[in-house]
Structures are given as structure tokens and as C-alpha cells.
Amino acid sequence: MKISTYAAAIAAALCLSTAALGETQQPPRDSALYEQLGGKSGIRKFTHRFLEIVLADDRIKSKFDDANIDRLEGLLAEQFCDLSGGPCQYSGKDMHAAHKGMGINTAEFNALAEDLQIAMSEAGVSSRASNRLISKLAPMYHDVVTK
Ligand code: HEM
């Protein structure tokens, strides 16, 4: 067999094996942060507590008067799982559409981030991992804060 024929055979075999595994050409996700957050059950737990803290926080609770809290909790957990490299795909609205017209200001954004950090700390998430998740949310500031 000629070298070019070998190369074609190897390429075909590789292609077949990745297709059989249902893999794409994308590099594997780095799930280290997801693991540090406690995986799906850890994320569910601190997201639930996060919303309890938010709904008791006089600085921002009124913003959630008309919210569907159960739905929001599910979407937030899904978003945190996705952002941290876990096996989830966020299925909610994009951050601009989700917060349009709410008139959220910087102080309210910071209050929410603080509440999330408290919830993670209570759940035993390390401050390093907590800071990493917060740093993934920080770029959303421009879509969320409109006031
Ligand atoms: C980085 C910061 C934030 C993230 C990651 C975030 C995430 C989300 C997500 C995933 C949703 C659901 C989207 C959907 O309906 O499909 C949502 C909705 C919402 N968010 Fe945020 N949010 C952030 C900041 C804030 C802030 C600062 C406030 C108010 C103080 C806020 C108030 C709300 C409200 C009221 C809803 C609508 C809930 C409903 O209609 O049921 N969010 N947010």
C-alpha cells in the first residue's frame, strides 16, 4: 500500500471511531470548576440557598416580585453548570433579553453577586472556586445593568 493510501485509511478509521462515539471536533470541556462547585448536586444546593438569600435581601428582593422563582432557580443552576464546564447547556434567554427593562443598577448587580458568594461559602465551596464562578459572571454586567 502506498503511503498516501495508508494515510487515507488511518484518517477514515479515526473519523469512523469519533463518529461512532458521537464526538465532535471540539476539544474536551474543562470541568475542573464544575467539580469544585460540587457537581450538579452542589450547584443545585447553593443555587437554592442563593435565591433564598436574594429574596430576603432588602437591596434587591423587590425586583423579583413578579418572578417565577422555581423556573429561575432551574435556569440559574443550569447556567452555573454550563459556565463551569459541567454537562449542561443553558437553555434560557440571553442575559440582555432576560433583564431588559428591569432598570438594574450597579449596586443591585453587586448585591446579587455578594449573595451568590455567601450561598457558595455556606455550601462549603472554596473561595478560589467561588471567585472563578463570579469572574465568569462579571462580563454579563453590560447586558444586565442598564441604569
Ligand atoms: C451576572 C448576574 C446575573 C445572572 C447570571 C442572571 C441570570 C438570570 C437568568 C439565567 C435568568 C432567567 C432567564 C430566562 O428567563 O430565560 C434571569 C432572570 C431574571 N433576573 Fe437575572 N441574572 C443576573 C443579574 C440579575 C440582577 C442583578 C437582578 C436584579 C437585582 C436580576 C433579576 C432577574 C429577574 C427579576 C429575572 C426574571 C425572572 C422571571 O421573570 O421569572 N438578575 N437572570
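Each ligand, and each atom within it, is numbered from 1 in the order the structure gives.
Residues E114 and D57 have side chains not in contact (no heavy-atom distance under 4.5 Å, counting atoms from C-beta outward).
Scanning the protein heavy atoms around atom 10 (C) of ligand 1, the nearest turns out to be Y90 OH, 3.3 Å. Nearest protein neighbour of atom 41 (O) of ligand 1, counting heavy atoms only, is N68 N, 2.8 Å. Here the heavy atom of the protein found nearest to atom 3 (C) of ligand 1 is L112 CD2, 3.9 Å. Scanning the protein for heavy atoms near atom 1 (C) of ligand 1, the closest one is F109 CE1, 3.5 Å. F64 CZ, 3.3 Å is the protein heavy atom nearest to atom 32 (C) of ligand 1. Scanning all protein heavy atoms for the shortest distance to atom 38 (C) of ligand 1 gives A67 CB, 3.7 Å. The shortest contact between atom 17 (C) of ligand 1 and any protein heavy atom is with L72 CD1, 3.4 Å.
Although no hydrogens or angles enter the test, the distance criterion places a donor-acceptor pair under 3.5 Å between the side chain of K63 and the main chain of M102. Listed for the S84 side chain is a donor-acceptor partner under 3.5 Å among the backbone atoms of F80. For E108 (side chain) and N105 (main-chain N/O), a donor-acceptor pair under 3.5 Å exists by modelled atom type. Of the possible donor and acceptor atoms, none in the side chain of R49 sits under 3.5 Å from a partner among the backbone N and O of R44. With T47 contributing its side chain and I43 its backbone, the two residues share a donor-acceptor pair below 3.5 Å.
For ligand 1, the polar-atom distance check finds an N/O of R71 within less than 3.5 Å of one of the ligand's N/O atoms. Distances between N or O atoms of H99 and those of ligand 1 include at least one value under 3.5 Å.
At a threshold of 4.0 Å, the pair E122-K45 does not count as salt-bridged, since none of the basic side-chain nitrogens sits closer than that to a carboxylate oxygen. A salt bridge links D82 to R29: at least one charged side-chain nitrogen sits closer than 4.0 Å to a carboxylate oxygen. Of the charged side-chain nitrogens involved, at least one lies within less than 4.0 Å of a carboxylate oxygen, so that R59 and D115 count as a salt-bridged pair.
For atom 28 (C) of ligand 1, the candidate residues are D115, I69, I104; the nearest heavy-atom contact is made by I104. Counting only non-hydrogen atoms, the option in K63, M102, K61 that gets closest to atom 34 (C) of ligand 1 is M102.
The aromatic rings of Y141 and F109 stand perpendicular to each other, their planes meeting at an angle above 60°, with 30° marking the opposite boundary.
Ligand 1 has at least one atom lying under 4.0 Å from a heavy atom of M95.
Taking a cut-off of under 4.0 Å to the non-hydrogen atoms of G92, the atoms of ligand 1 that pass are 16 (O).
The proximity of Y141 to ligand 1, defined as any non-hydrogen pair under 4.0 Å, does not occur for either the backbone or the side chain. If you look at K93 next to ligand 1, the close heavy atoms, those under 4.0 Å, come from the backbone and the side chain alike.
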